[in-house]
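Residue numbers run from 1 in the order of the sequence given.
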Amino acid sequence: MIYIKVEIRQEIEIDYSEVYKLNKAAFGQESEAKLVDLLRKNNAFIPGLSLVATIGQKIVGHILFTKIKIIDNNGNESGSLALAPMSVRPDMQRQGIGEQLIGFGLNKAIKLGHKSVIVLGHEHYYPKFGFVPAEKWKINAPFDVSTNAFMGIELAEDGLRNVTGTVQYPKEFEAV
Ligand SMILES: CC(C)(COP(=O)(O)OP(=O)(O)OC[C@H]1O[C@@H](n2cnc3c(N)ncnc32)[C@H](O)[C@@H]1OP(=O)(O)O)[C@@H](O)C(=O)NCCC(=O)NCCS
């Protein structure tokens, strides 16, 4: 496999249109690109966790982590992060850019004091970063999903201890 080394930095406002085009190209539709535009206006948005991968001036990848709640049967709420969406330019996929974005993003989330991340994604991809099925903590998705595709990771020791329940995403996710 060819490995492409990228620079990763926080997204800034002038990147928004490039990030839109990137998401549209990677997903082959506009839903995720629109979702990112909407999420930036939600208070679940964390500017330091909207990250772009660059080669020179060109943006070749993007990853976003937003605040979510995990709510148990008694209505108790715990905070966590959702990793979504994530995209790499179609002609540059499978060359390690996604891996660099996830690694950088998880480290930055730790530095910002976040305790855990939840992802709905490919069950053979995320475990290499330490994600395991969220059922370990009895954390469920708010929709039907295959158990192994709904995963979590603790960013701090016991980051999900006593955290259980159903994930509540920002409402913007409902349209996707
Ligand atoms: C998912 C994505 C961001 C991964 O980025 P990337 O730079 O290609 O990832 P990496 O090079 O670090 O890793 C490649 C590995 O990812 C795995 N993988 C990731 N997503 C996958 C998927 N949806 N289906 C199958 N394999 C996937 C594969 O195992 C692949 O390894 P392989 O080439 O040995 O089979 C990129 O492929 C993409 O933009 N896809 C379209 C958008 C998307 O589906 N985003 C994820 C949902 S939010």
Could you check whether atom CD of Glu7 has more than 12 heavy atoms from other residues, nucleotides or ligands sitting under 6.0 Å from it? no
How about CG on Asn73, more than 12 heavy atoms from neighbouring residues, nucleotides or ligands closer than 6.0 Å, or not? no
Got a second to check how far [X]'s [atom1] is from [Y]'s [atom2], nearest 0.5 Å?
X	Y	atom1	atom2	value
Leu35	Phe27	CG	CZ	9.0 Å
Asp144	Thr147	CG	OG1	10.0 Å
Leu22	Lys58	CG	NZ	9.5 Å
Leu155	Ser80	CG	OG	7.5 Å

ILVMFWY cluster, [X] and [Y] together (side-chain gap under 4.5 Å):
X	Y	answer
Phe129	Leu81	yes
Leu112	Leu101	yes
Phe131	Leu49	yes
Ile68	Val119	no
Leu120	Leu38	no

| query | For Gln100 and Lys5, what are the C-alpha separation, side-chain angles and deciding distance, and is it a side chain to side chain contact (heavy atoms under 4.5 Å, CB included)? | reply | CA-CA 8 Å; Gln100 292 167 75; Lys5 176 86 180 80; 4.0 Å; yes
Between the side chain of [X] and the main-chain N/O of [Y], is any donor-acceptor distance below 3.5 Å?
X	Y	answer
Asn74	Asn76	no
Glu18	Ile59	no
Asp15	Ile12	yes
Thr164	Trp137	yes
Glu154	Leu160	yes
Asp158	Arg161	no
Asn23	Val19	yes
Tyr169	Pro142	no
Lys67	Gly79	no

* Carefully, step by step, assess Leu106 and Val117 under the rule side chain to side chain contact (heavy atoms under 4.5 Å, CB included). => CA-CA 8 Å; Leu106 294 178; Val117 176; 3.9 Å; yes
| task | Determine, step by step, whether His114 and Lys108 satisfy the side chain to side chain contact (heavy atoms under 4.5 Å, CB included) criterion, reporting the C-alpha distance in whole Å, the side-chain angles of both residues, the deciding distance to 0.1 Å, and the verdict. | result | CA-CA 9 Å; His114 297 283; Lys108 184 94 185 272; over 6 Å; no
| message | Before you tell me yes or no, could you show the steps for Ile102 and Met86 under side chain to side chain contact (heavy atoms under 4.5 Å, CB included), namely the whole-Å CA-CA distance, both residues' side-chain angles and the distance that decides it to 0.1 Å? | response | CA-CA 9 Å; Ile102 294 173; Met86 168 176 160; 3.7 Å; yes
Hey, mind stepping through Tyr125 and Glu99 against side chain to side chain donor-acceptor pair (under 3.5 Å) and telling me if it holds? CA-CA 9 Å; Tyr125 185 52; Glu99 187 178 309; 5.8 Å; no
**Test item: Asn42 and Glu172 side chains (from C-beta on) under 4.5 Å apart, heavy atoms** = yes
